[in-house]
Amino acid sequence: MIKRRRAAIRALLPILLILLWAIPSAVRGQSATRAIVLAWDGAVPAFVHELLREGKLPNLAKLIEGGAFADDVKAGFPSKTAPGFASLITGAPPSITGISGNRVPRTPRDQFTILESLAGFSEAPLQAEAIWSVAQRAGKKVIISHIPYFGGEKSDQAVRLAGYNATSGRDGIVTKRAMQTEPSDSWVNSPASDAPPIEISFTIAESKFFGLLIDDPTDSQAGYDTIVLASSRDGGEVKAKLKAAPAITGGELFWSYPVAIKAAGNRDAWTYFRLFDLKADGSDFFLYYTRPAREFTVNTESVASASMTVRAFVGNGASILYNQGGFGRTVANGGNGGAEARYLETAALAQHQLMETNRWALENLSWDLFLAYTPFPDEAEHLWRGYLDPTLANYRPDIADRLRPLLEQVYRTTDEHLGLLLANRPTDCVFALISDHGLQGINKRVALNRALQEGGLLTLDTQGKVDLAKTKVIYPAVNNGYLLINSQNRKNGIVAPAERAEVLGKTRALLAGIRDGEREVVKAVYDAETDGPAMGIGGDAGGDIYMELADGYDFDPRIGSGPVIAGVEPYGNHGANPEQASMRTIMVFNGPGIRVGEKLANVGIIDFAPTLAWLLKLPQPKDAIGRVLYEGFVEPR
Ligand SMILES: [Zn+2]
C-alpha cells in the first residue's frame, strides 16, 4: 500500500512543484508543529456546496482548494453536539467516550434510575483521552477557545476559554411596559434633552436599571432618539447611551459595550444592549439585551489585559426569542423580515465576539494547538432548515426564497471567522475545519412514550409520573434517539436478564406498528447489546435500543396523554442515525504535509483526532478507534 502511494506521489511531483509556487507558503515544508482547528457547529454539506459554487464562502473555498476535503463525514450516534465534540476530540464513539447525548443517563447504573441524567457538555465525565491531553503530554501548549466543555479533566494545563460554562439566565427584551408613570424629576445630573425625559426601569437578573428616553440635543433626529441607562437615577452614573437604529447588516456599531450587572447569586456578569427601535414621540421602544455572561475564568493571568469585548462572552444569537415571536412576526408567519434582521444582528454579534477573543488569544498567548468553536451555522440551521427542505409536505417556495439568503448570511459570518484564523496562521501550521453533524428538516414529531404506554411497557402513577415499578421501557427525557430498558441492574429496575429478549421483541413490534397514515415512522431499530460494537452505540452511559425515524420526523420525549404523532411548524434538527445522508457534515485539512485538492471519502468524525495527532507527530489518543486519513497526506511518516 505505502509503496504504491509513494509511487503515485512521485508521479505527481512535477504538478506539486508547480502548485507550490501558487499556494501560500504555509503548505511548503512537509512537517507541521502547530495546528489551528476551527469547528463550525452543524455545517450542512449540500448547502456549503451551493454557497461555494456561488463564490460566497471565499475562505472555505481557499482552504479546500489548497487542502484535503471530505463532504460526507459521518457523525456519531446520536448525531448531537456534545457527543459529536467528544468524538471529534478523542477519536472514539459515544459508547467509549460516555457522552451519549447533550444530557446523559447517570451512571453507575445500579445507583441511578432510568430517569436521572447529567449535562453532557459539563457534568458527565469524558471517559476517553482528548487530543489536547496528548498534545500537552508532548509538551505542546494548547488553547481551547469555547469548544463545548467536557468535565473530568481536572489536571488540564490548557488555556481554556470556556464561555459556555459562564452564561447565566436568559436574554431579553424591554419595551414600553418598563415606562414609569411617575415624573422623572427625581434624577440628579439629568442628561440634556429637547423633550421631557421619560423614565423607564427594569431588572436583569439581580440588577435594577433606570433609564431615560431623551431627545439628544446633539442628535439631528427629530423627537426621542436616545436612551441612557444607569444603575441609579443619576445621569452621572450612565452605563450605556444607546441610539435607536433598525437592524441592519453591520449594525454592531449600535451595540453597547459590555455593561456590568449582577447575575443570579450576586455574581459579576456582563450584558450587551441594542436599541432596535424608539418612537419619535416616545410612545414605545424596543431594547434587547444579551444573556448575562459571567467573565469566564481562565487559568492564565494574561487574559486580564484583554479588553472587555474579548472577555465578555455572548455565545449565541437570540434564536429562542426570535422563535417565540419576541422580535416580531417571523417571515414564516407573515412577517416582513424585521424579526429576521434583528436575529441576524444578534447572531453576528455572537460570532464577532468569538472572533475578537480568538484574534486576541492568537496574538497574545503562546500556543501550539489552537482549537476554536462557533455555534454557527447550527443555530440558524435549527431555525430555518425546515423551511428550506423541499421534501417536506407543505413546503412553501416563497418562504424558502426569503429565508435562504438569511441562512447564507450566517454561513458568511462563519466564513469570516475562518478567514480571521487563516490570516493569523503561521507557516508551520496545519489548519483544520471540522463540524459535528448535518441537519434535516422536521415537520412531525413522534411521542414514543405514548406508544409505549399504549403497549403496556410504560406506566404512569396517579400523578402522571413514571411508575418505575411497572415500567419496562422508556424514551427518556434526555431525548437522544434511544430507549432505556428498566433492567434489574439499574436502580429500581424490574426487567430481569432472562426477560430482556422478550421486552426487546415487544418493543420492536410496538415501534414497527407506529404508522402515520400508511407511512412507517420507525425505520430501523438497533439493539446496543448486539449492534453496539459495530455502531459505537450503547455502553454504560448510553442507550439500550437505538432508533431511526423516517425523514422529516423527530423524537418527542413527552409523557402523558396526547397523540403519538403530531405535526409541527417546520424546523431543523439533528441527532438522527448518522447513516442518514442529512446527518453528514464536512472536514478539511490544509497545510504542511497535506495533499492539495484531495477529495477524502469514507471519513467519520472519529477520524479527526487520530489524523491531527499523526500530522503533529503525536502519539494516537489512547481510546481512539478512528483511522488516520493517510490518503490526504503528501507522504506517510
Ligand atoms: Zn452541533
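Not measured: the values here are computed from a predicted model. All ligand and atom numbering here is 1-based and tracks the order in the structure.
N590 contributes a side-chain N or O that, together with a main-chain N or O of L63, makes up a donor-acceptor pair within less than 3.5 Å.
Between E340 and R402 there is no salt bridge, since no side-chain nitrogen of the basic residue lies less than 4.0 Å from a carboxylate oxygen of the acidic one.
By the side chain to side chain donor-acceptor pair (under 3.5 Å) test, D531 is found to be paired with no residue, residues two or more places apart in sequence or in another chain being considered. Qualifying side chain to side chain contact (heavy atoms under 4.5 Å, CB included) partners for K74, counting only residues two or more places apart in sequence or in other chains: P578, E579, R584. Annotation: side chain to side chain contact (heavy atoms under 4.5 Å, CB included) contacts of N59 (sequence neighbours excluded): K62, D415, L418, L422.
For the Zn ion (ligand 1), protein N/O/S neighbours under 2.8 Å (waters excluded) are D41 OD1, T81 OG1, D436 OD2, H437 NE2.
A pairwise comparison of heavy atoms in L126 and A86 identifies CD1-CB, 3.8 Å as the closest pair.
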